[in-house]
Amino acid sequence: MSSPLSKPQIIAHIQKSLNYTVFDSKWIPCSAKFVCLGNFARGTGVIQIYEVQHGEAQLIKQVEKPKPIKCGTFGAASLQQRHIATGDFDGNLHIWNLEAPDVPVYTTKAHKEIVNSIDGVGGLGIGDGAPEIVTGSRDGTVKVWDPRQKDLPVANMEPVGGETRRDCWTVAFGHAFNDQDRCVCAGYDNGDIKLFDLRNMSLRWETNIKNGVCCVEFDRKDININKLVATSLEGKFHVFDMRTQHPTKGFASISEKAHKSTIWQVRHLPQNRDIFMTAGGAGNLHLWKYEYPAQRSKKDSDGVDVGVAGSVNLLQNVNLSTQPIASLDWSPDKQGLCLCSGFDQSVRVLIVTKLNVA
Amino acid sequence: SGEEGIYPHLIKFCEGHLEKLNPKSRALRKETPVATEASFSKDEWNQIMDDLRTWAEETKKSETLLKQEPVFDLLKEKIPPVRSSNSFVPLNEKSFPKQRTNSSKHVLPRDYQEWDKFDVEEECNKVDGVLKNDPPAILNTGHPNIKRAVDASLLSQQEKFLLANREKDKGNEAFRANDYEEAVAYYSRSLSIIPTVSAYNNRAQAEINLQHWHNAMTDCQQVLELEPRNKKALLRRATVHNHMGNFQMASEDLRMVLQEEPNNASAIQLLSKIERKLSDCLPEQQSKGKKILIEELEEQEEQRACPVQPSQPVGGEESSAAPAERGDMGNAQKKPHSRGDGGPHSESSNSHHGHWRGKGGASDKYKVTEESKVANGSSKRGSTASVQGDKRSGTKGTTGGGKAEESVNLDAPCGALPPHLSRLKNEGNLLFKNGQFADALEKYSQAIQGYTDSGIDSPEDLCILYSNRAACYLKDGNSQDCIQDCTRALELQPFSLKPLLRRAMAYESLERYKKAYVDYKTVLQIDISVQAAHDSVNRITRLLIEQDGPEWREKLPDIPMVPLSAQQHRREEPPSEEVLRARAEKATRDAERRAEIHFSAFKQEGNDFVKKGQYQEALGKYTECLKLKPKECAIYTNRALCYLKLERFMEAKKDCDTALELEPGNKKAFYRRALANKGLKDYLACSSDLQEVLQLDANVQEAEKELEEVTVLLRQSLANTSQDKPRKTVPIKEVDGDEDMTDVPASESSCTRDNINLKPSSAYEFEPQLLPQYLSNQLDGHTISFIMKALNLHLLGKNPNLVYRHLHHLHTADRFSVVLMLLEKDERRYMSQLFEHLSAVESTEFTKGDVQNLANKYI
């Protein structure tokens with residue numbers, strides 16, 4: 001707290017107002033361009049590509065699609081192709097070549113209802129093994145797709161018959177540090193967090209954080225699972241240390257009440273896994289740093305290893321707008337460059353300084 | 001504040017107080033607006049914006065590059081197959097039985113009705129049951145599954161770069177989380193994609209933290225090969241050396257660091273630590289055992305270094321990883337040989353050709369000698385190729401170290417060769433450097449073919465081509481073809497060095513020693529400084545003698561006389577000044593090193609003799625040592641010890657004096673001089689030396705003991721001299737009647753007493769041994785001269801004994817030596833007169849020798 005400028009500062013570099021509701025925005029890897037996905041007022045979907053040029057965001061391309069697009073990811077595309085996978089309001093999974101975005105290169109009716117969340121792994125050099133996409137939907141299922149296989153998911157996680165289907169709000173890949181191991185984490189509207197092990201095709205762990213889970217993310221997809229951050233509807237977020245799984249207690253965690261409203265998003269800095277940003281329902285951004293404890297595991301009374309959670313430090317918080325910020329994305333190429341879009345129909349390019357000293 | 005219920009002052013105060021109590025309190029978090037231009041200084045803002053602009057431009061460029069790269073469909077073949085289709089994971093299926101029974105239905109917290117039905121016993125049983133067949137905790141901390149190498153062979157350069165960076169970042173993160181093994185794994189992955197200095201450096205640090213010294217050492221070496229003066233690597237290597245007990249090398253590395261950056265705090269700290277250790281283990285421990293240990297370690301290291309390097313270091317980095325590195329291998333082999341030369345030197349020879357090339361073509365001669373240390377010649381290829389590149393292609397400017405080499409301009413013009421041929425040749429050189437001899441061979445062959453086809457007349461270039469191809473053959477072990485090519489080259493350019501040398505090697509490998517001998521001899525005629533040739537000649541001579549007996553020389557074919565022009569040709573490009581200096585430096589360094597080795601050997605032997613009690617022998621060894629290094633304080637003190645043991649106190653004292661000259665604060669020297677003085681019965685000097693020792697180190701018990709002993713002795717000796725007191729006082733008393741005489745001492749002593757206020761009640765109580773006491777620290781030149789006068793004029797004639805006694809005690813007075821120095825000429829003369837007179841007197845109490853001794857103290 002000594003001098004205000006010694007800590008990271010968040011600068012709103014570019015602000016671009018849009019004429020549609022933007023749900024998701026993503027940097028195109030290896031470029032100064034980003035994609036905005038959204039919903040025109042007339043009920044159609046839209047993909048826009050912008051390029052950062054001379055301190056402004058220039059619209060390069062715009063394509064209209066029949067259905068509003070909820071979410072997208074580059075995670076399963078190669079660096080050369082950089083195809084974006086999107087999920088729309090109708091439950092479709094599409095993969096688009098942004099050079100020729102009129103026809104999708106892959107399409108499938110993935111879910112019966114809206115695809116709330118999507119994540120990819122195995123592309124961009126992130127994660128060993130096959131490229132795979134996971135989608136989570138309001139229909140309560142979580143499905144894993146391989147772009148090489150049409151129509152059928154390679155894994156499907158859904159409740160057994162007769163159970164209430166919970167709305168799946170968020171999905172994330174992790175643990176993809178070799179060809180075989182891979183995990184999917186899913187968060188549900190009732191506060192459930194489930195961790196699926198794709199290698200053993202089993203549910204590895206579940207917990208409940210009492211409030212709807214808005215976003216989950218592993219600190220890295222392509223390492224031995226290390227940390228998981230889950231944000232919740234009522235403004236809390238939980239950080240789980242995933243290194244030590246106790247047979248009954250599961251993973252150690254720490255929770256922090258940060259925002260006065262829902263935390264919509266959490267994203268880890270691609271250049272430092274211990275720094276992450278949360279985006280809140282009141283248009284504010286919080287930058288955090290996780291501090292490891294001296295010992296990450298200890299023996300409990302029965303001599304079984306149990307994890308020890310660390311602590312989180314607030315590095316910076318700013319208020320950006322009055323409307324919720326619904327999407328957040330760090331540039332994978334430039335440290336500190338960040339993209340966020342909110343329900344105020346605008347997309348912003350932020351610069352976060354001094355992330356190295358944090 | 002105008003608003004109801006809001007009191008700004010109260011809030012401010014509370015916040016201030018809270019900040020004191022708990023600066024991280026949540027209540028203190030305030031929403032701040034986004035930072036804008038105004039929140040930064042102009043410079044900062046500009047920097048941020050510039051940074052962003054350059055990034056945008058760069059990415060744009062790299063993006064276009066990325067798009068140009070062809071898409072490899074091959075890549076897909078490596079991807080694991082599609083997961084077995086449509087596996088269904090029931091949401092509630094759990095790997096643990098407990099959750100299935102317990103929470104499958106109720107993911108929400110139990111409601112109240114359920115709590116009503118809650119049966120504690122049953123739940124407890126359930127929990128117990130679970131605990132019994134509980135699987136152990138799943139630990140994700142082991143990392144056996146992280147592959148240490150990434151197959152990036154099909155990726156474009158751009159992708160590789162990104163990937164390598166990313167893996168390095170992961171390593172950094174793991175490092176920060178103190179997960180060093182994981183960090184090492186990720187650094188290894190990064191290195192397997194693109195070897196970079198920083199990844200090696202970081203891995204070295206992680207290995208250091210894991211205490212894998214040898215791995216860390218290998219990594220540091222790698223860095224230093226890529227970047228010879230990398231501070232971090234030097235610092236880390238120093239740390240490793242330090243831990244491996246190699247203090248000398250460590251301190252050398254640290255000195256290099258400090259040369260680059262004199263204020264490097266950690267280097268300074270480590271250096272001082274190491275210096276302390278060095279000084280501890282060198283003179284005091286006299287530790288033969290330890291020395292050997294260190295050497296062993298070094299050898300081990302070398303042995304390790306040899307096999308490890310050619311197969312790429314650590315953890316299965318595939319050969320696909322780094323062609324650049326393979327080019328270094330030849331030089332890496334050299335490492336063990338030049339190791340002993342110590343830091344800077346080994347550095348320069350390890351740092352592969354890039355470093356050498358900086359010196360330009362002129363240094364090639366030096367190169368030959370240098371590399372031929374490795375007599376097998378296998379390390380030749382790297383720099384030979386580069387030498388030719390230098391000489392012919394005029395790319396002398398490529399001083400940029402190893403990296404620059406890879407981007408050697410392939411189209412650089414080569415002598416009189418047409419562009420396509422010179423390109424072929426340069427490609428060949430490059431391939432050769434990378435160790436792809438077969439490919440290089442092909443290129444050279446093509447070039448030769450093209451040359452003969454085009455019918456150019458440039459025998460020089462053809463000669464070089466043949467010579468290069470010969471080098472390839474030599475590498476491939478194809479000695480026959482090598483010889484053929486060399487012969488061709490020599491036909492074109494008789495008496496050119498390299499083909500001759502290569503042919504000699506080829507002959508040697510074919511065991512045609514006579515021919516090899518002739519070639520080597522010819523080489524030596526051309527250039528006497530080719531060490532490899534010298535070595536080989538010696539070796540072959542031995543073999544030939546064995547083979548042919550003493551008349552082997554007669555069976556040799558003729559050794560062609562090298563025309564002067566060829567020799568001069570060598571001299572015409574004389575070793576540049578730099579080379580000469582380098583050579584001279586090397587020679588001196590070698591000499592120093594040899595001296596160092598001899599020196600430590602002698603010293604060690606000396607120390608051993610001391611331990612065995614053979615002081616005479618030890619003395620000899622130490623004397624040898626001092627011949628080599630006349631400035632080594634420790635040796636003087638050691639020799640002094642021998643002298644002491646041999647009871648040659650004078651010499652011991654002399655050695656101690658020299659030692660103290662070299663190192664004024666040396667305790668040992670003081671202590672031993674004290675012993676020597678004791679032996680010489682100069683107890684006063686002895687005690688002063690001992691006091692000096694105790695001042696330097698109050699904990700030296702021996703010194704304390706000695707001091708006690710010596711004070712006793714001192715007292716005794718004083719008493720001895722004054723034991724004559726009764727005898728002497730008697731004569732004084734006898735003489736009492738003589739007024740003249742009593743007057744003089746009285747007057748003399750009264751004058752001294754005037755100064756001091758220490759008044760013996762009468763002149764008769766005055767005793768010479770109390771003189772210093774009376775004088776206390778009031779002695780001055782005037783007093784001395786007065787005393788002299790009195791003694792000379794009044795006392796000498798009547799009682800020379802008393803004079804002697806006065807003199808004998810006077811010099812022990814405080815400040816005596818200082819005052820003596822300040823005496824004037826006349827007074828000095830007077831004093832010498834007094835002694836002359838005194839020595840002329842015959843007495844029972846003292847001899848002439850005694851007087852002489854005493855005189856020495858005065859004059």
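Only this structure's heavy atoms are used, side chains among them; waters, hydrogens and symmetry mates stay out. The sequence lines fix the lettering, A, B, ..., with proteins before strands; numbering per chain opens at 1.
Salt-bridge formation is detected for the pair B/Glu44/A/Lys354: a Lys NZ or Arg NE/NH1/NH2 atom is positioned less than 4.0 Å from an Asp or Glu carboxylate oxygen. Looking at B/Asp169 and A/Arg273, no side-chain N of the basic residue comes within less than 4.0 Å of a carboxylate O on the acidic one, giving no salt bridge. A salt bridge does not link A/Lys227 with B/Glu173: none of the charged nitrogens is closer than 4.0 Å to a carboxylate oxygen.
Only the side chain of A/Ile351 comes within contact range of chain B, with at least one heavy atom under 4.5 Å from a heavy atom of that chain. Contacts between A/Lys33 and chain B at a heavy-atom distance below 4.5 Å involve the side chain alone, from C-beta outward. Contacts of A/Glu99 with chain B are made by side-chain atoms alone, with heavy-atom separations under 4.5 Å and no backbone atom involved. Residue contact with chain B, scored on non-hydrogen atoms closer than 4.5 Å, is absent for A/Ser311. Of the atoms belonging to A/Thr353, it is side-chain heavy atoms, and not backbone ones, that fall under 4.5 Å from chain B. In this structure, no portion of A/Arg348 lies under 4.5 Å from any heavy atom of chain B. For A/Leu337, the part sitting under 4.5 Å from any heavy atom of chain B is the side chain, from C-beta outward, and nothing else. For B/Asp51, the parts lying under 4.5 angstrom from a heavy atom of chain A are both the backbone and the side chain.
A heavy-atom distance below 4.5 Å is not found between the side chains of A/Gln271 and B/Asn172.
Nearest heavy atoms, A/Asn224 versus B/Tyr186: N-OH, 4.0 Å. Pairing each heavy atom of A/Ser331 with each of B/Trp55, the nearest pair is OG-CZ2, 4.0 Å. Residue B/Thr59 comes nearest to A/Ala32 through the heavy atom pair OG1-CB, 4.0 Å, listed as atom of the first residue, atom of the second, then distance. Heavy-atom minimum distance, A/Phe177 versus B/Arg189: O-NH1, 4.3 Å.
Looking only at heavy-atom pairs under 4.5 Å with chain B, the residue among A/Asn200, A/Thr141, A/Ile223 that has the most is A/Ile223. Per-residue counts of heavy-atom pairs under 4.5 Å with chain B were compared for A/His13, A/Gln53, A/His54; the largest is that of A/His13. Your options are A/Arg82, A/Lys143, A/Glu291, and the one with the most heavy-atom pairs under 4.5 Å with chain B is A/Arg82.
Between the side chain of B/Lys170 and the backbone N or O of A/Asp222 there is at least one donor-acceptor pair closer than 3.5 Å.
Sparse packing is recorded around NZ of B/Lys61, with 12 or fewer heavy atoms of other residues, nucleotides or ligands lying under 6.0 Å away. In this structure, A/Gln58 places its CD atom where more than 12 heavy-atom neighbours from other residues, nucleotides or ligands lie under 6.0 Å away.
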